[in-house]
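Values below: every heavy atom of this structure, side chains too, minus hydrogens, waters and symmetry copies. To find a chain, count down the sequence lines: A is the first, B the second, and so on, and within it residues start at 1.
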There are 2 protein chains.
Amino acid sequence: MQKKPDSLYVSTLARGLQILRAFDESHVSLSLTDLVARTGLEKSSVQRMAHTLHLEGMLERDPKTRRFRPSHAWLELAYTYYWSDPLIARALPKLIEFSQAKGETINLAQISGDHIIYSLRLPNQRTHFAASIVGRRLPALNTAAGRVMLSTRSESDIAAACAEWPVVQATRKTLMNRDDIARSILKAREDGFCITRDQMLLNEISVAAPIRGTEGQADAAVQISLSGITYDEQLALEKFLPTLLDTTAGILG
Amino acid sequence: MQKKPDSLYVSTLARGLQILRAFDESHVSLSLTDLVARTGLEKSSVQRMAHTLHLEGMLERDPKTRRFRPSHAWLELAYTYYWSDPLIARALPKLIEFSQAKGETINLAQISGDHIIYSLRLPNQRTHFAASIVGRRLPALNTAAGRVMLSTRSESDIAAACAEWPVVQATRKTLMNRDDIARSILKAREDGFCITRDQMLLNEISVAAPIRGTEGQADAAVQISLSGITYDEQLALEKFLPTLLDTTAGILG
DNA sequence: GCTGATTGTATCATTTATTGATAGTTATGA
DNA sequence: TCATAACTATCAATAAATGATACAATCAGC
């Protein structure tokens, strides 16, 4: 828009994408004026972009309220993503196996810049909604999965990430001190797994193990969520770590 | 592109979306020339659109092969979709319950034009990949879920759909005769469920029940997939139909 | 059920940003 | 190694997007 002195950059397309990105988990349905407010674009421009996205099937429109909302096409894109990422097909059967054997929530997480993104999720009854659906992004440093992936990188990479990557306070017990986070990562480096508690959700224990690529580095991890009321850390590891490590070992990074 | 005499239609944005849609389950990675071939756009135009989509994080690019592929953003869109559709949150806990109780593959399907789209899937070990991932679209008439949704509509709607909606031959046993399909739908209308066999996959039994809205019409259905080797139709109904109907009854359309 | 305010829709002259052709560069494969 | 294909960069022409504005439809409050 402003600072793109790039002769190949098509700002019209970028504006259209801005409309799509104006929707998020707390803005699931937007009126024209909402879109104007959230994107900062001209009213006319928003009108045209939303209209076009609607015609092209990317936005649904409530004929009564005239509000726009995501269409099924957003799920179709996910479908295509799944086919495009070879790790998904390799990991899915192993995760299903784990899920059915243990009855606990299990996820595949991948690194995505300085965040992790959950790309496969097999929830159980106790899993809350946000933790049941794919595509969720969380700051890597705040999650067991992100830390265990980082732990497979060089110490300088780890230090850089700990210094620069974002952290968010999700619970009153979320680790915010970057030295503490660094220690957690270095411990994961020793252990080959990472366990956290109360980080994104109170009374939630999270255990993650890396899916290592050929260089030993991990861009993905398998993570399980357990009730911190039912289990303490030690028991969680006893009951689930061996299977978790089997699972990750059985997936080629 | 060609026939859009619409002063609000932004063709540049539509061209960008064409690039995204050039990817599908059998075209997961596309070079510039592939994109030109699949979209029919000018090379320069494709170059600019792909470049912009890459900068905006919608396309990943292999620096070695220079091929484009879907990015994690495609999953994030699905995440937002899930929040935007209130049915998802209502259905998910019930599906999880079913899945963990029965250990069989269970899906939430929604009508999407003349297709169904799977919006939630809880696979089991025997589920093959394409049937494990959300966002898959199938012709409504070929699926138990599609038929049972149609069965809640008026007889004229059913007749019209049977006459016009697409059907595809997925297996050698796929019902292609539209009268047979109509009979299947009318039976589902009587029964309140629909059962099929060998339609999308050989030796697969599919049982679906509608999630009815306030008018009695269904835009969604819950469907289970069962091995046709382990079960015959009668046994499948005996073992799973009551729970399936409980599940759909517990979800407000 | 009215009325004023807000939101959404339609139109149009201006000009910017996209276009498509092409030349240049890098990669690929025989 | 050379020939060919794929990708990248540049630029003048102009088509297409822009943003201002006028008009119409809803909605909220009375």
Q: For the side chain of B/R90 and the backbone of B/L252, is there at least one donor-acceptor N/O pair under 3.5 Å apart?
A: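 Flag set: sc B/R90 to bb B/L252 pair under 3.5 Å.
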Q: For a quick test of reading the model, state the closest non-hydrogen atom pair linking A/Q110 to A/S119 and the distance between them.
A: OE1-OG, 3.1 Å
Q: Tell me the interatomic distance from B/L41, atom CG, to C/dA21, atom C1', rounded to whole angstroms.
A: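 After rounding, the gap between these two atoms is 16 Å.
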Q: Starting at the 5' end of nucleotides 4-17 of chain C, put B wherever the base has a protein heavy atom under 4.0 Å, S where only the sugar-phosphate does, and a dash everywhere else.
A: ---SBBBB-----S
Q: Between D/dT10 atom C1' and B/E42 atom CD, what is the distance in whole Å?
A: 16 Å
Q: Between B/D62 (CG) and D/dA6 (P), how many Å, whole number?
A: 17 Å
Q: A/I111 and A/M149: which non-hydrogen atoms are nearest, and at how many Å?
A: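 What the structure gives for the nearest pair is N-SD, 3.6 Å.
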Q: Under the 3.5 angstrom rule, does the side chain of B/R178 hit a backbone N or O of B/C162 as a donor-acceptor pair?
A: yes
Q: Which residue in the set A/R38, A/R137, A/R136 passes salt bridge (Lys or Arg N to Asp or Glu O under 4.0 Å) when paired with A/D24?
A: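 The residue from A/R38, A/R137, A/R136 that satisfies salt bridge (Lys or Arg N to Asp or Glu O under 4.0 Å) with A/D24 turns out to be A/R38.
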Q: NE2 of A/H51 versus C1' of D/dA16: gap in Å, rounded?
A: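 In whole Å, D/dA16 C1' and A/H51 NE2 are 15 Å from each other.
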Q: Out of B/H72, B/R69, B/E60, B/E76, which one pairs with A/Y81 under the side chain to side chain donor-acceptor pair (under 3.5 Å) rule?
A: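 Going through the options one by one, the only one that passes is B/H72.
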